[in-house]
Amino acid sequence: MNLNRLRHAAICLLRNSRLYKHYAIFHTNKLYIPLSIKRLLYTETATDPQHTKRIPGLCHANIQNSNDKCHASANDDVLRVLFDDQRAWERFSKHKSLFDSRTSSGLFRNQDLATPTGFEIAAQKALRRAELLVQRISNAETKDELRKVVKNLDRASDILCSVIDLAEFVRTAHPDQSYVRAATWAYEYLCSYMNTLNTNTNLYKALKRVLSMPSIAHDFSPEELQVATIFLRDFEKSGIHLPEKDRQRFVDISDKIIALGRQFTQTPPVRAVKQIEVSPASSLEGLNPGYVKDVTREGEQVAVISTNQGEAQMVMKYCRNEEVRKQMYLAINSAKREQVEVLEDLLRTRAELAKLVGMDSYGHMFLVDKMARGPEHVQTFLHTLADQHKPKALADLRLLQEAKRSHIGSNDSALPTVNAWDRDFYIDAVVSFSSSQRSTPISPYFSVGSVIQGLSRLFSHLFGISFQPAEILPGEVWHEDVRKLDVIDEKEGKIGIIYCDLFSRQGKISNAAHYTVRCSRRVDDDDVEGDIPSGADHNEIGELAEGGEGVVIGGKPGKYQLPIIALMCDFSRTGNRDGPALLSLIEVETLFHEMGHAMHSMIGRTDFHSVSGTRCSTDFVEIPSILMEHFVYSPEVLKLFAKHYETREDIPIDLIRSHAAARSTFSAIETQSQILMALLDQIYHSPLLASTSFDTTAILAKLQDTIGPFPSAQGTAWQIQFGHLFGYGAGYYSYLFGRVLAGKIWKVLFQDNPLSREAGMRFKEEILKWGGSRDPWVCVGEVLEDERLMAGDTQSMVVVGEWVDSL
């Protein structure tokens with residue numbers, strides 16, 4: 001059982017009790033909606049409480065009449081209104097205080113979490129159950145008990161993660177610092193306990209013994225065998241199979257890596273040059289005159305400009321003088337030698353760890369259980385992609401060269417060199433000239449509620465799955481803006497819960513994220529009675545954590561706990577707090593992306609927690625979410641929901657096309673830069689680290705001159721700003737890899753008919769429903785019906801790398 005596996009949110013190119021009731025009730029094929037929802041179809045005016053007015057888009061109807069033509073759309077529009085109309089939301093929830101501690105149901109309806117102190121209670125209950133499971137696994141002797149070893153390892157993982165994952169989310173999202181402190185304590189407390197499990201040889205030996213017994217292992221389902229293999233591999237990646245002396249060394253090296261990683265990422269890069277002096281100040285033409293006056297020394301013609309991010313970006317984008325831009329670029333990419341040494345120490349320490357467990361490099365160690373399977377395959381993919389993509393990057397570069405030639409007034413037939421300090425300036429010049437950037441604003445057609453409504457309609461077309469607003473009990477959520485959705489399958493009923501924390505507020509993180517609060521897994525065969533040793537005193541053991549209550553899922557035996565996830569975004573409302581949040585095209589992409597992860601969690605309901613939903617290979621997990629981004633630009637999909645938030649008029653298709661064209665402007669240059677970064681990551685974690693001449697700055701410069709769109713600049717060391725080298729070391733290629741595969745799936749399955757139920761069900765059956773329980777190469781090969789991918793070998797990587805048009 002590995003800490004890195006259990007703390008899945010830390011390594012993904014991410015991140016409990018009974019349900020009381022929900023508003024949408026299925027009965028004899030008719031949908032009944034309670035009075036509390038019907039009242040939302042009308043809002044009271046401030047002057048006359050007896051007078052009602054229509055909410056735009058909702059029709060007057062007796063919505064309990066299932067034959068009413070307006071019935072379905074009325075319920076659908078309630079979903080939109082609850083996200084867009086703050087007063088409607090308040091009416092929906094005003095019958096109970098959401099934060100009355102006297103009647104609190106506890107966060108996520110976990111009664112232990114009605115107060116911050118409950119985190120300690122929940123952690124202790126989880127720890128007691130986990131310790132019983134560890135003891136049970138270690139003492140397994142009978143065939144029946146040995147047969148349950150993998151199941152019990154997975155149960156222990158689920159019990160611990162039910163608190164760890166929840167605590168990780170709460171310490172990020174909760175505005176109450178007492179909850180944040182309590183959640184942080186629980187998180188660190190249980191993670192520390194899991195560190196001891198990483199070196200528990202009894203667990204490892206029990207698992208090895210089970211896998212070596214044909215009478216047991218041959219009866220494993222493919223999913224159970226996959227889970228057993230994952231646990232075994234993670235144990236061994238943690239060095240548990242090493243002699244005791246080496247195991248301690250493994251722990252020491254791992255601790256050093258964490259310390260160096262924190263030093264590398266948490267300490268802001270200290271530039272060797274903190275400010276630049278520009279003389280004469282008139283060289284700052286293009287910048288705001290008031291700003292230039294402010295930074296110019298009194299009585300002198302010398303401007304002093306800080307190299308902080310905001311001022312540096314302003315100079316790089318608007319200053320017309322190339323020498324000033326160059327001066328700023330060299331300054332902001334300067335580095336002190338100590339910072340470079342921290343990075344190189346981190347990389348060498350990782351290499352030392354890999355060598356200890358018998359691997360050629362950290363890249364080999366990290367990639368052994370990924371789709372890529374090894375650094376050689378990643379290099380093959382990236383170099384193939386770079387070669388195939390280069391013409392597109394050169395076409396973008398030519399636009400910048402022509403813009404530069406025009407700007408400098410050159411009559412030379414040869415195009416000028418565009419340097420890194422020219423990039424932002426000339427991109428802005430070309431984009432500003434483009435008429436597509438002067439089109440009508442698009443955000444009025446994308447209120448948050450409309451987009452949620454559109455996602456529900458889209459999933460209904462593709463999977464037969466839709467969203468329905470659900471009741472929130474007092475104390476169930478961490479902020480009054482949080483909405484709750486029940487996820488309803490047309491055949492299976494309720495299959496999961498999504499908490500949506502989408503609106504900005506003071507102190508909230510700005511990054512969008514998908515958090516797993518609870519995974520799905522089969523629970524009816526847990527045999528919890530077997531956890532208690534014979535003759536044990538229940539009072540001495542203390543209260544124990546229990547798994548989620550199971551529900552029956554259509555077409556599957558047994559009962560499963562429902563998945564619970566939380567989506568975090570940071571969307572701003574228009575004008576005042578009562579107005580809807582109107583989204584930019586990028587923000588719509590973001591919401592579609594995160595909902596792609598959510599659907600993976602909802603549909604990937606496996607028997608085992610460890611492979612449920614998004615608990616899969618990091619170079620596979622982004623495929624569903626990136627695929628969802630493609631739907632944003634489909635006219636057929638936009639017709640489902642993209643309507644003006646005031647007039648309810650459909651979005652003009654030409655408007656979305658112009659914004660999409662602007663969105664893709666110079667995207668090839670950005671992609672080429674991403675390829676360079678992915679290759680840099682691979683080289684930094686390769687066997688080259690063993691060389692005494694290993695130099696991160698020289699390696700970066702060589703790649704910039706061979707792969708990058710712009711030549712290197714002497715005296716720079718941008719690599720110290722590449723924070724992903726710690727969190728995603730040797731795995732930075734994953735996003736590009738996922739983009740190519742998702743793009744290919746879009747073209748093959750959805751491009752011609754994005755609302756096809758047949759295509760949606762094929763994607764569901766071959767990708768989503770498996771979570772991480774099936775070889776991802778088989779998943780991708782089956783969904784694309786391409787046998788070349790099934791082997792997941794070098795040739796497979798070449799094939800994927802050649803799909804450059806799918807980016």
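As a basis for the values below, the full set of heavy atoms in this structure was taken, side chains included, without hydrogen atoms, waters or symmetry mates.
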Undergrad: Pick one: which of D793, D619, D775 meets salt bridge (charged side-chain N to carboxylate O under 4.0 Å, His left out) with R373?
TA: D775

Undergrad: Under 4.0 Å between a Lys/Arg side-chain N and an Asp/Glu carboxylate O for R762 and E758?
TA: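 No.
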
Undergrad: Flag the pair D526 and R521 as a salt bridge only when some basic side-chain nitrogen lies within less than 4.0 angstrom of an acidic carboxylate oxygen.
TA: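 Result for this pair is yes, salt bridge flagged.
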
Undergrad: Supply the atom-to-atom distance R774 CZ to C616 SG, rounded to the nearest 0.5 angstrom.
TA: 13.0 Å

Undergrad: Using every non-hydrogen atom in the two residues, find where F608 and K151 come nearest and quote the distance to one decimal.
TA: CE2-CA, 4.0 Å

Undergrad: So does V150 get a backbone contact from the side chain of E224, meaning a donor-acceptor N/O pair under 3.5 Å?
TA: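 Checked: no pair found.
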
Undergrad: So which atom in A730 and which in H685 form the shortest heavy-atom distance, rounded to 0.1 Å?
TA: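 For A730 versus H685, the nearest heavy atoms are N-ND1, 3.5 Å.
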
Undergrad: Short question: side chain of K556, backbone of V552 - any donor-acceptor pair under 3.5 Å?
TA: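 Judged by distance alone, no pair lies under 3.5 Å.
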
Undergrad: Which one of F750, F592, F763 satisfies the ring-ring contact (aromatic ring centres under 6.0 Å, His included) criterion with F631?
TA: F750

Undergrad: Walk me through it: do V517 and D165 pass the test side-chain contact (heavy atoms from CB on, under 4.5 Å)?
TA: CA-CA 6 Å; V517 177; D165 290 344; 6.0 Å; no

Undergrad: Check the pair F108 / Y499 against side-chain contact (heavy atoms from CB on, under 4.5 Å), numbers first and verdict last.
TA: CA-CA 9 Å; F108 300 102; Y499 290 87; 3.4 Å; yes

Undergrad: One thing to verify: whether E802 and K744 come together as a salt bridge, which I'm taking to mean a side-chain N less than 4.0 angstrom from a carboxylate O.
TA: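 Salt bridge flag = no for E802 with K744.
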
Undergrad: Any donor-acceptor pair under 3.5 Å linking the side chain of S450 with the backbone of F446?
TA: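 No; zero donor-acceptor contacts below 3.5 Å.
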
Undergrad: Check this for me: does any side-chain nitrogen of one of R757 and E490 sit under 4.0 Å from a carboxylate oxygen of the other?
TA: yes

Undergrad: So does D154 pair up with K148, basic N to acidic O under 4.0 Å?
TA: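 No salt bridge links D154 with K148.
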
Undergrad: What do the steps show when you test V487 against M599 for side-chain contact (heavy atoms from CB on, under 4.5 Å), and what is the final call?
TA: CA-CA 9 Å; V487 183; M599 282 301 101; 4.2 Å; yes

Undergrad: Looking at T172 and E168, would you say the former's side chain and the latter's main chain have a donor-acceptor pair under 3.5 Å?
TA: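 Here the side-chain-to-backbone pair exists.
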
Undergrad: For a quick test of reading the model, state the closest non-hydrogen atom pair linking H630 to I626 and the distance between them.
TA: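 That would be CD2-O, 3.5 Å.
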
Undergrad: Say whether, by atom type as modelled, one donor and one acceptor occur between the side chain of T590 and the main chain of I586 under 3.5 angstrom.
TA: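 Yes: the side chain of T590 pairs with the backbone of I586.
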
Undergrad: Check E629 with R739, please: is the shortest side-chain N to carboxylate O separation under 4.0 Å?
TA: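 Result for this pair is no, no salt bridge flagged.
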
Undergrad: Any idea how W777 and F737 line up, ring-wise: parallel (<30°), tilted (30 to 60°), or perpendicular (>60°)?
TA: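 The arrangement is perpendicular - the two ring planes meet at more than 60°.
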
Undergrad: Of all heavy-atom pairs between T516 and C519, which one has the smallest distance, and what is that distance?
TA: CG2-SG, 3.7 Å

Undergrad: Identify the heavy atoms of I495 and P563 that sit nearest to each other, and give their distance.
TA: O-CD, 3.1 Å

Undergrad: Flag the pair D77 and R80 as a salt bridge only when some basic side-chain nitrogen lies within less than 4.0 angstrom of an acidic carboxylate oxygen.
TA: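 Counted as a salt bridge, because a side-chain N and a carboxylate O are separated by less than 4.0 Å.
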
Undergrad: Please determine whether a side-chain nitrogen of the Lys or Arg among D489 and K491 lies less than 4.0 Å from a carboxylate oxygen of the Asp or Glu.
TA: no

Undergrad: Scan side-chain atoms only and decide if E589 and Y633 contain a donor-acceptor pair under the 3.5 Å cut-off.
TA: yes

Undergrad: Under 30°, 30 to 60°, or over 60°: which ring-plane class applies to H597 and H593, parallel, tilted or perpendicular?
TA: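 Rings of H597 and H593: perpendicular, as their planes differ by over 60°.
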
